[in-house]
Amino acid sequence: MTRKCSRTHWGIRGLRFKSMAWLDIRSLLTFSAIFRVILIVYGEWQDSHMEVRYTDVDYIVFSDAASLVASGFSPYQRTTYRYSPLLAFLLVPNLLLHHAWGKFLFSFADLLVGYFIYYILKLQKVPENLCNYSVMAWLFNPFTFTIGTRGNCEPIVSAMILWIIVCLMKGNVLQSAFWYGLVVHFRIYPIIYSIPIILVLDPNFFPSGQKPVLRKWSAVQKERSEDENVQFAPHNLLKSIFTRNRIIFGLVSGFVFVFCTGLFYCLYGWEFLHEALLYHLTRTDPRHNFSIYFYHIYLHYGHDISVVEKLVSFLPQFLVQLVLIFSFARDLPFCLFVQTVSFVAFNKVITAQYFVWFFCLLPLILPWSKMKLKWGGLSCILLWIGAQTHWLLWGYLLEFKGKNVLLQLWAAGLMFLAANIFILVMIIRQHNCSSIFKALEYTRSKHVAKLE
């Protein structure tokens, strides 16, 4: 059994690392913290001495918005600030302490994501070495350790999403609902997680008055079919949708979202609603956009786009989301991961910071993957990086050299989408899908059999 289970690990099976005494969560977090401080200090030097700045342009926008709210003005007086005012308030210490305060805050959230990954996997009784290697997939990913040190706020969102998963695993529905309402207000895209969370709050997993029973990592192979009687088909959902936990989650998360949104609407009016929320539903970006819709957006930029065209662009994204949700909702971390990858891949606007949305969930599924790093995993990594680099080469020719390569850039976007779909299919095929919770009927029958 031990041998069979060990084959589900993606990283250890491929590399066959030997156990190292220094490889523990405390050492990983300490080294990561020092590394991020060095990057922040280096970034300050680069900004002062080099033409190309290390700091993300968004950080300048955040800082200007913080300066405005500190002076009693609307943060939306800063052009291109399209986030919740909460972010501007969090960065007010940029003015009081140091202008790099936000970078340290985002990097701390980055480290917090690493710890939450470790904590979630330990709750599922994943072996220590697998937990640590999974944490390393986040902490030492170039896309992730640069995002916070350059001043992007995505690590805060990632930390809140992982904390919601922790709360659900520990049976704290009320607390998970609070943080879910807050994170959707802070960054609208986690709204896509609402259906799988509602689905997983099934009475078979969350019996009234009891905490859910988590499935251990070592038991996945032996018990992988135990909860197949729990079906998340739409008609089954309607039969028991109004359960206590689902009502609590919906009411509390909805209240938190409406309260935060209403509060800032009273302070900043329609400008807040449009810039922080509605803008993201109709956003078009003719530059720096990996999306397959790039060329169409470029050709029609500045022109009115009909409602039908907007709905058609959302249709593939919506259909893929539904299929993935009702296929994998029982395995909540995996469901959120494949949802996010597909959501980003089919989105009308794709920028590099969006990749962090699914990178924070990737380590949670690695111990359940049968994919070997040496061949399958490495091939997927190289394909993804290669497709992105190919797009960036054409983007460089367009943006910096002024070449007319719009069609080539659009074709590169199509190739990037194809690469994302292929990799997603590979990950799904190699994943041992299993609910993180044990079904109530199975738990009871097992207890009865034990007594007999």
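What you see below is based on every heavy atom in this structure, not just the backbone, and it leaves out hydrogens, waters and symmetry mates. This chain uses plain numbering: 1 for the first residue, then up along the sequence.
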So do the side chains of Ile40 and Phe35 get within less than 4.5 Å of each other, counting heavy atoms only?
-> no
Would you find a donor on one side and an acceptor on the other, under 3.5 Å apart, between the side chain of Ser253 and the backbone of Phe178?
-> no
Is Lys438 close enough and on-axis enough to Phe205, meaning under 6.0 Å and within 45°, for cation-pi?
-> no
So, the side chain of Asn245 versus the backbone of Val173: is there a donor-acceptor pair under 3.5 Å, distance only?
-> no
CG of Leu201 to CZ of Arg244: how many Å apart, nearest 0.5 Å?
-> 11.5 Å
Rounding to 0.5 Å, atoms OH (Tyr76) and CD (Glu271) come to a distance of 8.0 Å
In terms of heavy-atom contacts, does CZ of Phe108 have more than 12 from other residues, nucleotides or ligands at under 6.0 Å?
-> no
Quick one: are the ring centres of Trp384 and Phe359 less than 6.0 Å apart?
-> yes
CZ/Phe31: more than 12 non-hydrogen atoms of other groups inside 6.0 Å | no
Near-ring test Phe140/Phe145, centroid separation under 6.0 angstrom | no
Sequence-distant partners of Asp110, salt bridge (charged side-chain N to carboxylate O under 4.0 Å, His left out), two or more places apart | Arg36
Under 3.5 Å donor-acceptor, Asn420 side chain and Phe416 backbone | yes
Heavy-atom count around Tyr265 OH within 6.0 Å, excluding the residue itself: above 12?
-> no
Value rounded to 0.5 Å, distance of CZ in Phe106 from CH2 in Trp101 | 10.5 Å
Closest non-hydrogen contact found for Asn94 with Ala100 is OD1-C, 4.5 Å
Among Cys131, Pro127, Ser134, find the one that has a side chain to side chain contact (heavy atoms under 4.5 Å, CB included) with Pro367.
-> Ser134
Closest approach of Val61 and Thr79, non-hydrogen atoms and distance?
-> CG1-O, 4.3 Å
Can you tell me how far CZ of Phe89 sits from OG of Ser84, rounded to the nearest 0.5 angstrom?
-> 9.0 Å
Inspect the surroundings of OH in Tyr119 and state if more than 12 heavy atoms from other residues, nucleotides or ligands are less than 6.0 Å away.
-> no
Test item: Tyr180 and Phe257 side chains (from C-beta on) under 4.5 Å apart, heavy atoms = no
Can you tell if the side chain of Leu121 reaches within under 4.5 Å of the side chain of Gln124, non-hydrogen atoms only?
-> yes
Can you find a heavy atom in the side chain of Phe186 that is under 4.5 Å from one in the side chain of Leu87?
-> yes
Evaluate side chain to side chain contact (heavy atoms under 4.5 Å, CB included) for Phe272 paired with Leu267, printing each intermediate quantity in order.
-> CA-CA 9 Å; Phe272 152 69; Leu267 291 175; over 6 Å; no
Which one of Asn152, Ile147, Val113, Val344 satisfies the side chain to side chain contact (heavy atoms under 4.5 Å, CB included) criterion with Val356?
-> Ile147
With sequence neighbours excluded, give me every salt bridge (Lys or Arg N to Asp or Glu O under 4.0 Å) pair touching residues 60-70.
-> Asp64-Arg78
Using the benzene-type ring in the case of Trp, are the ring centres of Phe206 and Phe437 under 6.0 Å apart?
-> yes
Just by distance, with hydrogens left out, do Ser435 and Arg215 show a side-chain donor and acceptor under 3.5 Å apart?
-> no
Locate the shortest heavy-atom distance separating Ile117 from Cys360; write the atom from each residue and the value.
-> CD1-O, 3.9 Å
Min side-chain heavy-atom separation Leu123-Ile436 under 4.5 Å = no
Taking the six-membered ring for Trp, are the ring centroids of Phe264 and His185 within less than 6.0 Å of each other?
-> yes
Show the atom names and distances, to 0.1 Å, of all donor-acceptor pairs under 3.5 Å that link a side chain in residues 153-161 to residues at least two apart or in another chain.
unit_1	atom_1	unit_2	atom_2	d
Glu154	OE1	Trp357	NE1	2.9
Glu154	OE2	Arg187	NE	3.1
Glu154	OE2	Arg187	NH2	2.7
Glu154	OE2	Gln353	NE2	3.0
Ser158	OG	Glu154	O	3.2

When you look at His431 and Asp331, which way does the side chain to side chain contact (heavy atoms under 4.5 Å, CB included) test go after all the steps?
-> CA-CA 11 Å; His431 182 74; Asp331 191 345; 2.8 Å; yes
All pairs passing salt bridge (Lys or Arg N to Asp or Glu O under 4.0 Å) where residues 113-123 contributes a residue, at least two apart | Lys122-Glu128
So, the side chain of Asn172 versus the backbone of Gln175: is there a donor-acceptor pair under 3.5 Å, distance only?
-> no
With sequence neighbours left out, the residues meeting ring-ring contact (aromatic ring centres under 6.0 Å, His included) with Phe422 are none
Gln317 side-chain N/O to Phe343 backbone N/O, donor-acceptor pair under 3.5 Å = yes
Just wondering, do Val256 and Val184 contact through their side chains at under 4.5 Å, heavy atoms?
-> no
Just list the side-chain donor-acceptor pairs under 3.5 Å for residues 332-341, sequence neighbours left out, or say none.
unit_1	atom_1	unit_2	atom_2	d
Gln339	NE2	Ile192	O	2.6
Gln339	NE2	Gln321	OE1	2.9
Thr340	OG1	Tyr193	OH	2.6
Thr340	OG1	Leu336	O	2.5

Provide the closest heavy-atom pair for Tyr59 versus Gly102 in the form atom of the first, atom of the second, distance.
-> OH-N, 3.1 Å
Heavy-atom check, side chain of Val166 versus side chain of Ile120, under 4.5 Å = yes
One should read off an interatomic distance between Trp368 CH2 and Asn432 CG, to the nearest 0.5 angstrom, of 10.0 Å
Apply the test side chain to side chain contact (heavy atoms under 4.5 Å, CB included) to residues Leu86 and Leu182: give CA-CA distance (whole Å), side-chain angles for both, the deciding distance (0.1 Å), then the verdict.
-> CA-CA 10 Å; Leu86 281 175; Leu182 186 63; 3.8 Å; yes
Step-by-step side chain to side chain contact (heavy atoms under 4.5 Å, CB included) determination, Leu162 to Leu364 = CA-CA 10 Å; Leu162 293 192; Leu364 299 181; 3.7 Å; yes
Taking all non-hydrogen atoms of both residues, which atom of Phe346 and which atom of Pro316 are closest, and how far apart?
-> CD2-CB, 4.3 Å
Beyond-backbone contact of Val37 with Phe104, side-chain heavy atoms, under 4.5 angstrom = yes
Modelled atom types, side-chain donor and acceptor of Lys170 and Ser176, under 3.5 Å = no
What heavy-atom pair brings Leu68 and Pro75 nearest, and what distance separates the two atoms?
-> CD1-O, 3.9 Å
Would Tyr81 and Asp58 count as a side chain to side chain donor-acceptor pair (under 3.5 Å) if you check the C-alpha gap in whole Å, the side-chain angles of each, and the deciding distance to 0.1 Å?
-> CA-CA 8 Å; Tyr81 182 78; Asp58 284 345; over 6 Å; no
Taken to the nearest 0.5 Å, the spacing of Ser63 OG from Leu95 CG works out to 7.5 Å
